[in-house]
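Presented below is the structure to which this report refers.
Below, each value reflects all heavy atoms present in this structure, side chains not excepted, and no hydrogens, waters or symmetry copies.
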Amino acid sequence: MDVESYLRRIGAVRPAVPDFDALRELQRRHLETVPFENLDRYLGRPIDLAEPALLDKIVGQRRGGFCYELNGAFGLLLHHLGFEVQLLAGRVLRREGGFGPPFDHLALRVELAEPWLIDVGFGRSSVRPLRIGTSADQLDPAGRFTTRPAPHGDVDVLHDGDVVYRLEPRPRALADFQAMAWFHTNSPQSPFGHGPTCSLVTPGGRVTIAGGRLIETTGAERTERVLDGDRAILRAYEERFGIVLDRVPTG
């Protein structure tokens with residue numbers, strides 16, 4: 001793995017030691033440089049979680065991805081920087097009620113003096129690491145987060161009082177998520193089937209392209225405008241996310 005290229009991708013330097021301060025800084029930089037996006041589904045391209053293909057997409061092509069790709073790649077980076085990292089499988093709470101299927105989400109557990117939850121691949125994730133071993137509220141630039149015990153040794157992750165997903169404690173391998181990556185790229189039942197989206201954390205909020213709309217939030221302020229035609233959409237992907245596409249993702 002070309003660690004230095006990955007660090008340049010996220011605008012970071014190699015930490016002297018794999019400690020909490022380094023972990024927090026790497027997470028912030030990753031969230032502010034590598035977008036959450038499902039564009040391959042709408043470009044007709046498969047998702048490949050093999051390490052060379054995954055790193056080529058995130059680092060070489062300067063693309064983003066969804067949870068399996070973002071947390072999978074970030075987990076590899078952290079491992080090569082000396083952190084003790086585990087991949088955890090989660091089930092996302094659906095808007096219509098009930099949790100999604102197993103391996104619906106991938107998040108990271110990093111062991112330091114205490115265990116920390118890292119997630120750079122979820123639309124409502126924290127900007128900073130979250131303590132796993134406490135049920136106390138944890139304030140973050142993205143809101144109020146809580147981790148609390150759930151049945152069978154699982155852990156529920158809450159954002160502003162609402163459960164967003166449930167994590168299993170058993171460590172997993174990246175290949176374990178390949179089948180669900182296929183599901184989210186192809187199935188009409190996937191929550192990613194509602195249209196292309198690309199979103200990035202900014203210092204004061206978030207910028208998103210959803211279909212043909214550009215949405216920006218800064219604190220409580222939200223602006224939205226319709227992008228006028230394919231050329232404007234492609235230009236917005238490049239200017240706002242550094243993603244160069246040869247056509248608009250439409251499926």
Salt-bridge criterion met for [X] and [Y] (N-O under 4.0 Å):
{"X": "R235", "Y": "E238", "value": "no"}
{"X": "K57", "Y": "D40", "value": "yes"}
{"X": "R170", "Y": "D176", "value": "no"}

Using a 6.0 Å cut-off, check whether atom [atom1] of [X] has over 12 heavy atoms from anything other than its own residue.
{"X": "E4", "atom1": "CD", "result": "yes"}
{"X": "D21", "atom1": "CG", "result": "yes"}
{"X": "R94", "atom1": "CZ", "result": "yes"}

Shortest non-hydrogen contact from [X] to [Y]?
{"X": "P15", "Y": "A22", "result": "CB-CB, 3.5 Å"}
{"X": "S190", "Y": "R41", "result": "CB-NH1, 3.7 Å"}
{"X": "L39", "Y": "T197", "result": "CD2-O, 3.7 Å"}
{"X": "D104", "Y": "H184", "result": "OD1-NE2, 2.9 Å"}
{"X": "A73", "Y": "L55", "result": "CB-CD2, 4.3 Å"}
{"X": "L31", "Y": "V127", "result": "CD1-CA, 3.6 Å"}

Is there a path from [X] to [Y] through hydrophobic residues (I, L, V, M, F, W, Y) whose side chains come within less than 4.5 Å of each other?
{"X": "F145", "Y": "L93", "answer": "no"}
{"X": "L245", "Y": "L214", "answer": "yes"}
{"X": "V248", "Y": "L227", "answer": "yes"}
{"X": "I209", "Y": "V226", "answer": "no"}

Separation between [atom1] of [X] and [atom2] of [Y], rounded to the nearest 0.5 Å:
{"X": "D162", "Y": "D156", "atom1": "CG", "atom2": "CG", "result": "12.0 Å"}
{"X": "M1", "Y": "L54", "atom1": "CE", "atom2": "CG", "result": "9.0 Å"}
{"X": "F83", "Y": "F20", "atom1": "CZ", "atom2": "CZ", "result": "10.5 Å"}
{"X": "D119", "Y": "L106", "atom1": "CG", "atom2": "CG", "result": "8.0 Å"}
{"X": "T147", "Y": "R131", "atom1": "OG1", "atom2": "CZ", "result": "10.0 Å"}
{"X": "F74", "Y": "I58", "atom1": "CZ", "atom2": "CD1", "result": "12.0 Å"}

Give a yes or no answer on whether the side chain of [X] reaches the backbone of [Y] with a donor-acceptor pair at less than 3.5 Å.
{"X": "R247", "Y": "D230", "answer": "no"}
{"X": "S125", "Y": "G121", "answer": "no"}
{"X": "D56", "Y": "P52", "answer": "no"}

Next on the checklist: Please determine whether side chain to side chain contact (heavy atoms under 4.5 Å, CB included) holds for the pair V92 and F122, giving the CA-CA distance in whole Å, both sets of side-chain angles, and the decisive distance to 0.1 Å.
Outcome noted: CA-CA 10 Å; V92 178; F122 195 73; 3.9 Å; yes

Checklist entry - Does the pair T223 and T218 meet the rule for a side chain to side chain contact (heavy atoms under 4.5 Å, CB included), with working shown? => result CA-CA 9 Å; T223 62; T218 303; over 6 Å; no

Next on the checklist: Before you tell me yes or no, could you show the steps for L26 and R28 under side chain to side chain contact (heavy atoms under 4.5 Å, CB included), namely the whole-Å CA-CA distance, both residues' side-chain angles and the distance that decides it to 0.1 Å?
Outcome noted: CA-CA 5 Å; L26 289 165; R28 181 186 66 82; over 6 Å; no

Checklist entry - So, Y165 and H159: side-chain donor and acceptor under 3.5 Å apart, yes or no? => result no

Are any of the side-chain heavy atoms of [X] and [Y] separated by less than 4.5 Å?
{"X": "L77", "Y": "L7", "answer": "yes"}
{"X": "H30", "Y": "Y6", "answer": "yes"}
{"X": "I243", "Y": "R63", "answer": "yes"}
{"X": "F36", "Y": "V201", "answer": "no"}
{"X": "D154", "Y": "P169", "answer": "yes"}

Next on the checklist: Between R240 and C198, does the side chain to side chain contact (heavy atoms under 4.5 Å, CB included) criterion hold? Intermediate values first, please.
Outcome noted: CA-CA 10 Å; R240 307 310 293 268; C198 185; over 6 Å; no

Checklist entry - F66 vs Y68 aromatic rings, parallel, tilted or perpendicular, using cut-offs 30° and 60°? => result perpendicular

